[in-house]
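Okay, structure first, notes after.
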Amino acid sequence: KEQRKLAAIMFTDVVGYTALMGKDEEKALRILQKNRDVLKPFIASHLGKWLKEMGDGTLSSFPSAVEAVNCALEIQRSLKDETDFKLRIGIHIGDVVISKSDIFGSGVNIASRIEPLAESGGICISDRVYDDIRNKPGIEAIFLGEKHLKNVDHPVKVYALTGEGLPKPRIEKTVIEDTEA
């Protein structure tokens, strides 16, 4: 039976995987296993659900944006010293339809389109996620602008998470600060 719900969707992708597969298939397959081994415990510890794997990409859902972001931060910080295994992560919160074997909806599509905007080792989030994490201590983000994403009928405001263990985003903007008292 299908179930509709609001969920924070995290999409991950191994940087340079396709090229690596062409050069060293054995190493690429080891990295794929390492990807699963690293991600699954972090996802579980943040109340997330591992939904599926698409080649070197993974899709997970979380009950809150804060859990998804904290999970992504832990994953990236745990991998910061890796030289041949880097991830890009995209997170969006939206309405999704979950069936027994799959997940659908614009929430999934937007998360998958935000992920490639992240630097190697980085995390990009939508404005809907930013609204939920903006006042949380230890989480900082830089506005990257409104992006026109493939197969999304409206521009999406995208932010890159910054801070310890994360790469500096290419698009330099000032950190958005809440000026209200």
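Just so it is clear, the structure is predicted and the values come from calculations on it, not from any experiment.
His46 approaches Pro63 most closely through the heavy-atom pair O-CD, 4.4 Å. Residues Ser106 and His92 share a closest heavy-atom pair of O-CD2, 4.4 Å. Shown here for Ser61 and Ala7, the closest heavy-atom pair between the two residues is CB-CB, 4.3 Å. The minimum heavy-atom distance linking Met10 with Ala72 is given by the pair SD-CB, 4.0 Å. Shortest non-hydrogen contact noted between Leu39 and Thr12 is CD2-OG1, 3.5 Å. Shown here for Ala118 and Ile123, the closest heavy-atom pair between the two residues is CB-N, 4.0 Å.
Here the side chain of Asn151 pairs no donor or acceptor atom with the backbone of Asn109 at under 3.5 angstrom. Looking only at distances, a side-chain donor or acceptor of Lys86 sits under 3.5 Å from a matching main-chain atom of Glu82. Between the side chain of Arg77 and the backbone N or O of Glu164, at least one donor-acceptor pair lies under 3.5 Å. For the pair Arg113 (side chain) and Lys150 (backbone), a donor-acceptor distance under 3.5 Å is present. With Glu119 contributing its side chain and Pro169 its backbone, the two residues share no donor-acceptor pair below 3.5 Å. Side chain of Gln76 to main chain of Leu87: a donor-acceptor pair is present (N/O by atom type, distance under 3.5 Å, no hydrogens or angles).
Distance CG/Leu117 to CG/Leu149: 6.5 Å, rounded to 0.5 Å. The CZ atom of Phe11 sits 12.5 Å away from the CD1 atom of Ile91 when rounded to the nearest 0.5 Å. Distance check, rounded to the nearest 0.5 Å: CD of Glu53 to CG of Asn35 gives 7.0 Å. Annotation: the span from Asp84 atom CG to Lys34 atom NZ amounts to 6.0 Å, rounded to 0.5 Å. From Glu140, atom CD reaches atom OG1 of Thr162 across 4.5 Å, with rounding to the nearest 0.5 Å. Here CG of Asp37 is found 10.5 Å from CG of Leu32. Values are rounded to the nearest 0.5 Å.
Leu47 and Ile103 are members of different hydrophobic clusters when ILVMFWY side chains are connected at heavy-atom separations under 4.5 Å. Residues Ile31 and Leu29 share a hydrophobic cluster, clusters being chains of Ile/Leu/Val/Met/Phe/Trp/Tyr side chains in contact below 4.5 Å. Linking ILVMFWY side-chain heavy atoms closer than 4.5 Å, directly or via other members, places Val69 and Val38 in a single hydrophobic cluster. Hydrophobic clustering (side-chain heavy atoms under 4.5 Å, transitive across Ile, Leu, Val, Met, Phe, Trp, Tyr) groups Ile89 together with Val66. Residues Met54 and Val97 fall into different hydrophobic clusters, defined by Ile, Leu, Val, Met, Phe, Trp and Tyr side chains chained together at heavy-atom separations under 4.5 Å.
Ring geometry for Phe143 against Tyr159 counts as tilted: the plane angle lies between 30° and 60°, on a 0 to 90° scale.
Taking the side chain as every heavy atom from C-beta outward, Lys157 and Tyr130 never approach each other to under 4.5 Å. Under the 4.5 Å side-chain criterion, counting only non-hydrogen atoms from C-beta, Ile114 is not in contact with Ile125. The shortest side-chain heavy-atom distance between Ile133 and Leu161 falls under the 4.5 Å cut-off.
More than 12 heavy atoms of other shown residues, nucleotides or ligands fall within 6.0 angstrom of atom NZ in Lys40. The number of heavy-atom neighbours closer than 6.0 Å to CD of Gln33, taken from other residues, nucleotides and ligands shown, is above 12.
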Residues Met21, Asp56; criterion side-chain contact (heavy atoms from CB on, under 4.5 Å); working and verdict
CA-CA 10 Å; Met21 191 63 158; Asp56 62 315; over 6 Å; no
Begin with the C-alpha distance, continue with both residues' side-chain angles, and end with the deciding distance and a verdict on side-chain contact (heavy atoms from CB on, under 4.5 Å) for Phe62 and Ile43.
CA-CA 8 Å; Phe62 295 82; Ile43 291 166; 4.1 Å; yes
